[in-house]
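Chain A is the first sequence line, chain B the second, and so forth, proteins listed ahead of strands; every chain is numbered from 1.
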Protein chains: 2
Amino acid sequence: MGKQRYTYDYPHPAVTTDCVVFGFDGHEMKILLVERGIEPYKGMWALPGGFIRMDETAEQCAQRELQEETGLNLSLLKQFMTFSEVNRDPRERVISIAFYALARKSDVKGGDDAAQARWFALNEAPRLAFDHDYILRKAMEKLREDIHFEPIGFDLLDSEFTMSELQRLYEAILGIQFDRRNFHKKMLQTGIIEEADDDETVFFGKNREMRSMSIDALFGDKAEEMPRPCPTSPNSNSRTTRRWGTKFRFNKRRYDKFKEDNNFRLEF
Amino acid sequence: MGKQRYTYDYPHPAVTTDCVVFGFDGHEMKILLVERGIEPYKGMWALPGGFIRMDETAEQCAQRELQEETGLNLSLLKQFMTFSEVNRDPRERVISIAFYALARKSDVKGGDDAAQARWFALNEAPRLAFDHDYILRKAMEKLREDIHFEPIGFDLLDSEFTMSELQRLYEAILGIQFDRRNFHKKMLQTGIIEEADDDETVFFGKNREMRSMSIDALFGDKAEEMPRPCPTSPNSNSRTTRRWGTKFRFNKRRYDKFKEDNNFRLEF
DNA sequence: GCAAAAGTGTTCTTCGTACACCCATGA
DNA sequence: TCATGGGTGTACGAAGAACACTTTTGC
């Protein structure tokens, strides 16, 4: 059959989505790139993405393209900016709606169904096709902003994680160093993470009187009567007194309540 | 000459920009709407905006359309979200890149070059065409977020303003009430506004030691040796001892420095 | 003259931040 | 055994938040 063509009274730009997928391997931030198989920029690395279809939203398009090109199926894609420079694509006028997404550690390690997709450490990424370097930088800026208000860090870790992993993650995203003790206290104090040791919910930290925490800084304050594992009493079920490598998990329920209490504003 | 038409191998959506223009009359938030002169939604109110041209960016398009439809020429348009629902326009597939902008009090009062443009109080706005009610709500959410980090409030006031005006503005945007004294102190303490009384720059507040201010709250703290107009000494040039209606102005230079000192993160 | 808005300081509480030592693990 | 990383608490200073009375202006 003959090639179908589409005609309009006025010129229309093409519209694509591009997706910046962040990952964290426990030590540094990674991004997922695909190698372009066709011109333009054939052979260069680029953000996964592609042209929007007429029957899908930008969100659906980004998710589909990500799945097709990298094998990753991430449901939480966050739109952060639309790029509309006139000559950003040599073929024709292309406007790109950009998203970022967060992949779990397991995705980063296992990953790469698609042969042409690869994880790169942020500072080892090659130059990208089109204006994707710029898009990437904007995504990183947005991620830094968002982490002040959303507990996005947890989407980058496995469901159970150590406090040090969490701290390294925040340090990697924000590019600053935290005091270990202050970070630990601050995180517990919010009440949105809990010890994952036993199955029963141990109530750590105080939950009341929580206003706003300046993020800059995720550090402690005065420890206030928090129940702690007493090392003297022999813990029955775990024979080896495991005091190291304590695992924590994110408590979504408590986070939602916390946000509600604080007028939906949460600042780490 | 015959009607020119534009043809593509693959279907292309139409792309528009829409612009949410906020204003503040000293007491409540306003938005600028235009009445639609053509179908669809003829006669309804809508956000100013229109189709993008092939030789302009989305930002340029938004600025141009705003000028054409309302007579306002605002240079600071902030892109906040792109709307891509499949059926948001009955004519064809239309993707809209949305911006918000801030107009000064004088623009709100004088305004309306265009016959079909009008300012509405936020809570008195009619139902809007297309999905513009939704876009408006998203713009308001974004404005609330942004005010934590940017001194956008000042773009809504004239260059000189009273502390009460500023407070009413913040209260209108954030939907909360502040303690007058705490607000006053907090604002001066940041050092980014100064008294506009004399021409000479009076150094108000302290500029050092400024980390992060939780916004929720723009209130005071301990007053710290700030030079204040002494009411006993007769002020020479103004015969009437004017203690009320003190005007302030925004100090951009000091704001930039402040931001730099704080790693480009500013939280009110 | 009365009501409504603007101007101004102090105190207490909470939070941020700096800081040091011990224990476990693995090379 | 030595180096590295994890685990834990306290004390001080800054910032947040609550609070009342007086002066002016406009009706």
Side-chain angles (χ1 to χ4, degrees), chain A residues 26-27 161-168 171 176-190 195 197 204-232 240-248 262 267-268, chain B residues 26-27 161-168 171 176-191 195 197 204-232 240-248 262 265 267-268:
Chain A
H27 290 275
F161 48 85
T162 67
M163 198 55 88
S164 308
E165 284 173 323
L166 186 61
Q167 182 176 347
R168 274 194 300 268
E171 288 176 342
I176 31 181
Q177 302 273 106
F178 297 112
D179 179 278
R180 199 155 16 104
R181 290 158 292 190
N182 293 339
F183 183 87
H184 186 270
K185 274 178 293 179
K186 192 58 163 183
M187 274 296 164
L188 286 182
Q189 183 189 242
T190 64
E195 212 173 332
D197 206 351
F204 249 59
K206 52 178 180 128
N207 220 0
R208 54 189 170 76
E209 211 16 282
M210 218 154 277
R211 276 154 224 281
S212 66
M213 290 149 293
S214 146
I215 161 69
D216 217 341
L218 300 144
F219 357 56
D221 80 345
K222 209 168 297 182
E224 193 176 333
E225 313 301 330
M226 47 175 68
R228 57 181 168 226
C230 63
T232 54
T240 54
T241 45
R242 188 200 35 63
R243 281 185 57 206
W244 275 254
T246 316
K247 295 275 188 173
F248 295 88
N262 289 276
E267 303 174 28
F268 279 100
Chain B
H27 290 276
F161 47 84
T162 67
M163 199 54 88
S164 308
E165 283 172 323
L166 186 62
Q167 182 175 348
R168 273 195 300 267
E171 288 176 341
I176 30 182
Q177 301 274 105
F178 296 113
D179 179 277
R180 200 153 15 101
R181 290 158 293 186
N182 292 339
F183 183 87
H184 187 269
K185 273 179 291 177
K186 191 57 163 185
M187 274 297 164
L188 287 181
Q189 185 190 240
T190 64
E195 212 175 332
D197 205 352
F204 250 59
K206 53 180 178 129
N207 221 0
R208 56 193 168 73
E209 211 18 281
M210 216 155 279
R211 274 153 226 282
S212 65
M213 290 150 294
S214 147
I215 160 66
D216 217 340
L218 299 145
F219 356 57
D221 80 346
K222 207 167 297 180
E224 191 176 336
E225 311 301 333
M226 49 172 67
R228 56 183 169 227
C230 63
T232 54
T240 54
T241 44
R242 187 195 37 60
R243 280 184 58 206
W244 275 253
T246 315
K247 295 275 188 173
F248 294 88
N262 288 275
R265 221 149 346 85
E267 302 174 28
F268 279 100

Nearest-Å distance for atom pair [atom1]/[atom2], residues [X] and [N]:
| X | N | atom1 | atom2 | value |
| --- | --- | --- | --- | --- |
| A/Gln177 | D/dG5 | CD | P | 12 Å |
| B/Gln189 | C/dT10 | CD | P | 16 Å |
| B/Asp179 | C/dA5 | CG | P | 16 Å |
| A/Asn182 | D/dA14 | CG | C1' | 15 Å |
| A/Leu188 | D/dG9 | CG | C1' | 14 Å |
| B/Met187 | C/dG7 | CE | P | 15 Å |
| B/Phe183 | C/dG7 | CZ | P | 12 Å |
| B/Phe178 | D/dC19 | CZ | P | 17 Å |

side-chain N/O B/His184 vs C/dG7 OP1/OP2, d < 4.0 Å: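 Indeed not, no polar side-chain atom of B/His184 lies that close.
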Shortest side-chain distance from B/Lys185, nucleotide among C/dT10, D/dC19, C/dT17: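 Selected nucleotide: C/dT10.
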Which value, rounded to the nearest 0.5 Å, describes the distance between [X] atom [atom1] and [Y] atom [atom2]?
| X | Y | atom1 | atom2 | result |
| --- | --- | --- | --- | --- |
| B/Thr246 | B/Phe161 | OG1 | CZ | 12.0 Å |
| B/Thr162 | B/Gln167 | OG1 | CD | 9.5 Å |
| B/Lys185 | B/Met163 | NZ | CE | 12.0 Å |
| B/Phe248 | B/Met187 | CZ | CE | 11.0 Å |

For DNA chain D, the residues among residues 161-168 of chain B that have a non-hydrogen atom under 4.0 Å from it: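 Of all residues in residues 161-168 of chain B, none places a heavy atom under 4.0 Å from DNA chain D.
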Step-by-step side chain to side chain contact (heavy atoms under 4.5 Å, CB included) determination, B/Arg181 to B/His184: CA-CA 5 Å; B/Arg181 290 158 293 186; B/His184 187 269; 5.7 Å; no
Using atom names, set out every protein N or O paired with an N or O of nucleotides 20-22 of chain C below 3.5 Å, distance rounded to 0.1 Å.
unit_1: C/dA20; atom_1: N7; unit_2: A/Arg181; atom_2: NH1; d: 3.4
unit_1: C/dA20; atom_1: N6; unit_2: A/Arg181; atom_2: NE; d: 3.3
unit_1: C/dA20; atom_1: N6; unit_2: A/Arg181; atom_2: NH1; d: 3.1
unit_1: C/dA20; atom_1: N1; unit_2: A/Arg181; atom_2: NH1; d: 3.2

Could you go over nucleotides 2-4 of chain C and give all protein N or O partners under 3.5 Å, atom names and distances?
none

Short side-chain to backbone donor-acceptor contact, B/Arg168 and B/His27, under 3.5 Å: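 A pair under 3.5 Å: no.
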